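See below for the structure under consideration.
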There are 2 protein chains.
Amino acid sequence: MTQPISKCTIKDVAARANVSVGTVSRVINGNPTVSREIVNRVTAAIVELGFKPNAAARSMRSNATKTIAFVVSDISNPLFAKIANSVERILKDNGFFVLFANTGNNRDREIKLMTLLDVGRVDAILLTVSDEKDPEILGGIKASRLPIVLLDREIDIDLDAVFSDHRSGMKKAAEYLWRLNHRRIALITGSLSERPGRERLAGFMEAHTDLGARFSPDLVRSGSLSEEFGFQETYDLLAHADRPTAIIAGGNRLVAGAIRAIRQLKLRIPDDISLIGCDETDLSNLLDPPLTVIARDMEAIGRAAGLILLRRLSNGAELKPAKVMLPTDFIIRGSCAELSGRAT
Amino acid sequence: MTQPISKCTIKDVAARANVSVGTVSRVINGNPTVSREIVNRVTAAIVELGFKPNAAARSMRSNATKTIAFVVSDISNPLFAKIANSVERILKDNGFFVLFANTGNNRDREIKLMTLLDVGRVDAILLTVSDEKDPEILGGIKASRLPIVLLDREIDIDLDAVFSDHRSGMKKAAEYLWRLNHRRIALITGSLSERPGRERLAGFMEAHTDLGARFSPDLVRSGSLSEEFGFQETYDLLAHADRPTAIIAGGNRLVAGAIRAIRQLKLRIPDDISLIGCDETDLSNLLDPPLTVIARDMEAIGRAAGLILLRRLSNGAELKPAKVMLPTDFIIRGSCAELSGRAT
DNA sequence: CTGAAAGCGCTAACAA
DNA sequence: TTGTTAGCGCTTTCAG
């Protein structure tokens, strides 16, 4: 095994192989205009010296870092982690690294991050912003010279983006509950300043409209995707006399909060309350009864995002922004009960 | 808002402010030997031009990238994600970015990654290797000129490391089951070529020895930390006539597999089988009954790792490698039953 | 086909 | 206190 005792540069290789640095560079970059003879000599020298081209110097010349940033609110959310995993896999195959950054849903951090990254540190950004309307955030995005791919966000700037079809999944879920004779269905979901919250609400309302059903505003709780919000709203919903018979928790953390609240109130799923969750997690399968969910393929989302990024990076800026919509899947399991009596 | 239409360099700033590039550099780096007057002028020029110092050029000079690599088998494992999150937070506060890479527990990928990173792309590595004895992996680590912090791994090279005290947690768990009159206790855990698997087994054995208990080898299944392994071994364990009365699943994915197997066999926890898991996940709290677990503070692990890294990076290589052992916590919940009859 | 040389943007001597 | 300049390691003309 070669021991790269001290950092060695292209110069050392050149000296060792008795060629010029330019030639070494050509060999490294697979330039075909080098004779077999010399390629061999240089390659040998590279191996013997354990030479590795310095990334900083390269990116300084080429203006490419071969790394992309993955910016989300919280990488420890298993969903983001899955997307990150998938993104990394596809990007790695193309010689890219993934830098990741948490914003903690903090507006200022998001803005700061944009400028921190836009210094030749990464070639592009995979982004999930916390507020699609915030002028400062939009300003930061506009000011960035980097290609950006949006993850499930819709803003006023025309960018590459990959979306999930929350709306139709939600619609199916609400209709399903209706068919089980539920008439008081509650929805807990994220803020309306983020696409997932808006789309889920839209699907929920669409279902009601199509069904000719009345829509009870106090049964809709939109605010945040946090577990805490899920807990509080579920608790509040169920503590009232006129409680819903079913809850749709529109967000994977919200589900955890909802279940916690249901437990605490000593209610049973689905006998006392029917529950539908979002996204596949350990919870959905391993809960007893298993959870009926609106799911999506995180792997596919990451793959799509990675592919779009690669496309943009190789085809330049003239490309029309790609918008990819990925489906959701409504998976019926055991967490919803059929109601016998017609509740109006 | 300043629009950085075209990339502008230190030179442009110098021209604009009527000073030399050296002075601009001094201002950027907060060198105190610059007059107030000029600092203001340069700062103004920087703001007006929207100048941001190029990271590649800087790291080429300073030999520091201000980014560290986080290398694990699978970032989508919620535990790693939590550590990553915590690491990122502490490192970010010190101006560092985190690059992450999945190895998928693939030996070759681990080795390749080391050389891919050791090109001035990162300043240090946070590492979890898949096999502590593999000579090629060890070779790769030795060959690396980068500071490395090991996460819960023990190898023949003296490096910074942070460990979890799996052993004592496991011991407590086994003793607890014994006190509940369990006499056939099974352990499913990871490979013995990784520290967690070894330590968990050691704790398990220690408990038996201290208790003067016989030790049934076929009740110990060590192999992998995957959910699939957890499923298969649990299934196998429970399908036999002479089945254990309790299972300890030593690994967070193993728990998921174990529960799945138990469900499939239509067994109830804890009436038919007692179960102890490892690490806090949604599962542990939200399962019914909630899971008794050997837990640890992932946040603390990430913080410790980040701090050690920072220390090494600022104090240089002469420092004696730090070894930090973080505790585990045995949390009793409802997944273990007390046996009445003495089953010898 | 190969070598020489000019930078990429920045920092850090060394001068002034 | 400020300006000048020599590189950091590499790629890429431009000659030869």
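Proteins come first, then strands; the chains are lettered A, B, ... in the order of their sequence lines, and each starts at number 1. Note that the structure is predicted; figures quoted are calculated from it, not measured.
The local environment of NZ in A/Lys112 is sparse, with at most 12 non-hydrogen atoms from other residues, nucleotides or ligands closer than 6.0 Å.
Distances shorter than 4.0 Å separate some side-chain N or O of B/Ser25 from OP1 or OP2 on C/dT11. For A/Asn54, no side-chain nitrogen or oxygen approaches OP1 or OP2 of D/dC8 to under 4.0 Å. For B/Asn63, no side-chain nitrogen or oxygen approaches OP1 or OP2 of D/dC8 to under 4.0 Å. For C/dT2, the OP1/OP2 oxygens have a side-chain nitrogen or oxygen of A/Ser35 closer than 4.0 Å.
Considering only heavy atoms from C-beta on, A/Glu110 stays 4.5 Å or farther from A/Asp134 through its side chain. Put simply, the side chain of A/Ile28 reaches to within 4.5 Å of the side chain of A/Arg58, judged on heavy atoms. Contact annotation: the side chain of A/Met114 approaches that of A/Leu127 to within less than 4.5 Å [non-hydrogen atoms, C-beta and beyond].
Out of C/dC10, D/dT11, D/dG9, the shortest distance to the side chain of A/Asn29 is found at D/dT11. Here the side chain of A/Thr33 is nearest to one of D/dT1, D/dT11, C/dT2, namely C/dT2. For A/Arg58, counting side-chain heavy atoms from C-beta on, the closest listed nucleotide (C/dC10, D/dT11, C/dT2) is D/dT11.
Distance, B/Met60 CE to C/dT11 P: 12 Å, rounded to whole Å. A/Arg36 has its CZ atom 13 Å from the P atom of C/dT2, to the nearest Å. Across the protein-nucleic acid pair, B/Arg121 atom CZ and D/dC10 atom P stand 13 Å apart, rounded to whole Å. For the pair B/Lys11 NZ and D/dG3 P, the interatomic distance rounds to 16 Å; values are reported in whole Å. A/Asn31 has its CG atom 10 Å from the C1' atom of C/dC1, to the nearest Å. If you take CD1 of A/Ile46 and P of D/dG9, they are 16 Å apart, rounded to a whole angstrom.
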Please write out each protein N/O paired with an N/O of nucleotides 3-5 of chain C under 3.5 Å, distance rounded to 0.1 Å.
unit_1	atom_1	unit_2	atom_2	d
C/dG3	OP2	A/Ser20	N	3.0
C/dG3	OP2	A/Ser20	OG	3.2
C/dG3	OP2	A/Thr23	OG1	2.6
C/dG3	N7	A/Arg26	NH1	3.4
C/dG3	N7	A/Arg26	NH2	3.2
C/dG3	O6	A/Arg26	NH2	2.5

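Listed for the B/Asp118 side chain is a donor-acceptor partner under 3.5 Å among the backbone atoms of B/Arg145.
Note that CZ of B/Arg121 and CG of A/Leu99 are 10.5 Å apart. Values are rounded to the nearest 0.5 Å.
Using a 4.0 Å cut-off between a side-chain N of Lys or Arg and a carboxylate O of Asp or Glu, A/Glu136 and A/Arg107 qualify as a salt bridge.
In this structure, B/Val24 reaches neither bases nor backbone, as no heavy-atom distance under 4.0 Å exists between it and the strands shown.
No hydrogens or angles were tested; on distance alone, nothing pairs the side chain of A/Arg61 with the base of D/dG9 as donor and acceptor under 3.5 Å.
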